[in-house]
Amino acid sequence: MLQRLFRLPSWRGSLRRLGIAVLFAGVGSGLWYMEEREVRERLSWMGVPTWERLTPLSLHRVLRNDGFLVGWSDVRVSALWASYVLRADSAVDVGERPGFRRDWRTLWPVTPDSYLRSGYDRGHLAPNYAIARVYGPAAQRDTFLMSNMVPQRPELNRQLWQRLEEVVIDRFVPRLGALQVIDGPVFDADFTRGALSRVGLVEVPKAFYKILVVPGDRPQALAFVMPQEVRGDEPLDRFLVSIDRVEALTGLDFFPNLPDATERALEGQVDATGWGLEAVANLPGRFD
DNA sequence: TTTAATGT
């Protein structure tokens, strides 16, 4: 019976077609994987953030945008990180701010009015101005996707955080040539309490981190953690931390492809020499 | 050249 079935021409034809389909799927996904890896390497120095311990909270997806990547968590209903490279050799004229837009890839209904009358700003992770300046208008539009927004208190978003963004693109990038930046939210260590603190569906962070790295054989790094509750006029260097501290607060492992010895030296200490931070730590904001 | 965002 089986042998007769096996000899049927239509059955063998189906097998052949299946084989061809599997071959195409294999080659196609292989090409997709290579393309994806190439894009990630271009947009994220030494690997996108990963996790040391696997828990439900560590599940996240990488959303690819023009000029930056976002690590999206369907548990937090929030981005966990945004990663981008800023270079001094590209300077595009920056146009008007485009509108905020829903990102359908998040699946969760996070819309431009999700933060309405909540007391929180829609704060950019990958910044509008710097991304637009380096990557142009299409990338600028992508920074206004709701998947790139976090609920931020106005005093932080419009003052302290804005001052940091301005120093990064106007001072550090011209001074150092190129910077790898990763930033994102810090959530309540108590998961239940955090899960209850939401704007719409989006979990409200307790603080935000920003990591800056000058790529190269002897990389230099600077890391900040800024809480929601600030006045806005504090000196930037008051918020310096080590990358190890950011990893402890977020559970993320940054720059996983770094050789262990380099990673230990880069991430274990706070070393601001060479950045000229003191000179810009107290520059006034534009909107206070 | 101009970097944030809300609310009306």
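In what follows, chains are A, B, ... by sequence order, proteins preceding strands, each numbered from 1. As the structure is a prediction and not an experimental result, all values here were calculated from the model.
Per the geometry, CZ belonging to A:F287 stands 13 Å off P belonging to B:dT6, to the nearest Å. When rounded to the nearest whole Å, the span between CZ of A:R153 and P of B:dT6 equals 13 Å. A straight line from CG of A:L156 to P of B:dA5 spans 11 Å, rounded to a whole angstrom. As a whole-Å value, the separation of A:L283 CG from B:dT2 P is 19 Å. At whole-Å resolution of the value, OH in A:Y115 and C1' in B:dA4 are 15 Å apart. Rounded to an integer number of Å, the gap from CZ of A:R163 to C1' of B:dA4 is 14 Å. In this structure, A:N148 places its CG atom 14 Å from C1' of B:dA4, rounding to the nearest Å. One interatomic measurement links the two molecules: CE of A:M226 to P of B:dA4, which rounds to 15 Å at whole-angstrom precision.
Counting only N and O atoms by type, the side chains of A:W81 and A:H60 include a donor and acceptor under 3.5 Å apart. In summary, the side chains of A:Q180 and A:S83 do present a donor paired with an acceptor at a separation below 3.5 Å, with no hydrogens or angles considered. Using modelled atom types and a 3.5 Å distance limit, the side chains of A:D271 and A:Q220 yield no donor-acceptor pair. Side-chain N/O atoms of A:T111 and A:D113 include a donor and acceptor closer than 3.5 Å.
In this structure, A:D121 reaches the sugar-phosphate backbone alone: every heavy-atom distance under 4.0 Å involves primed, P, OP1 or OP2 atoms, never a base. Base contact: A:E166 has a heavy atom under 4.0 Å from a base atom. Within the 4.0 angstrom heavy-atom criterion, no nucleotide atom of any strand lies near A:G285.
Residues A:Q162 and A:F100 both approach DNA chain B. Their nearest nucleotides, taken by heavy-atom distance, put A:Q162 toward the 5′ side.
A sub-4.0 Å separation between OP1 or OP2 of B:dA4 and a side-chain N or O of A:N157 is absent. Distances shorter than 4.0 Å separate none of the side-chain N or O atoms of A:R117 from OP1 or OP2 on B:dT6.
Partners of A:R105 by salt bridge (charged side-chain N to carboxylate O under 4.0 Å, His left out), not counting sequence neighbours, listed by chain and number: A:D103. Looking at residues two or more places apart in sequence or on another chain, you find no salt bridge (charged side-chain N to carboxylate O under 4.0 Å, His left out) involving A:D237.
Less than 4.0 Å separates DNA chain B from at least one heavy atom of each of the following residues of residues 127-141 of chain A: A:N128, A:Y129.
Considering every non-hydrogen atom in both A:L236 and A:V280, the closest pair reads CD1-O, 4.0 Å.
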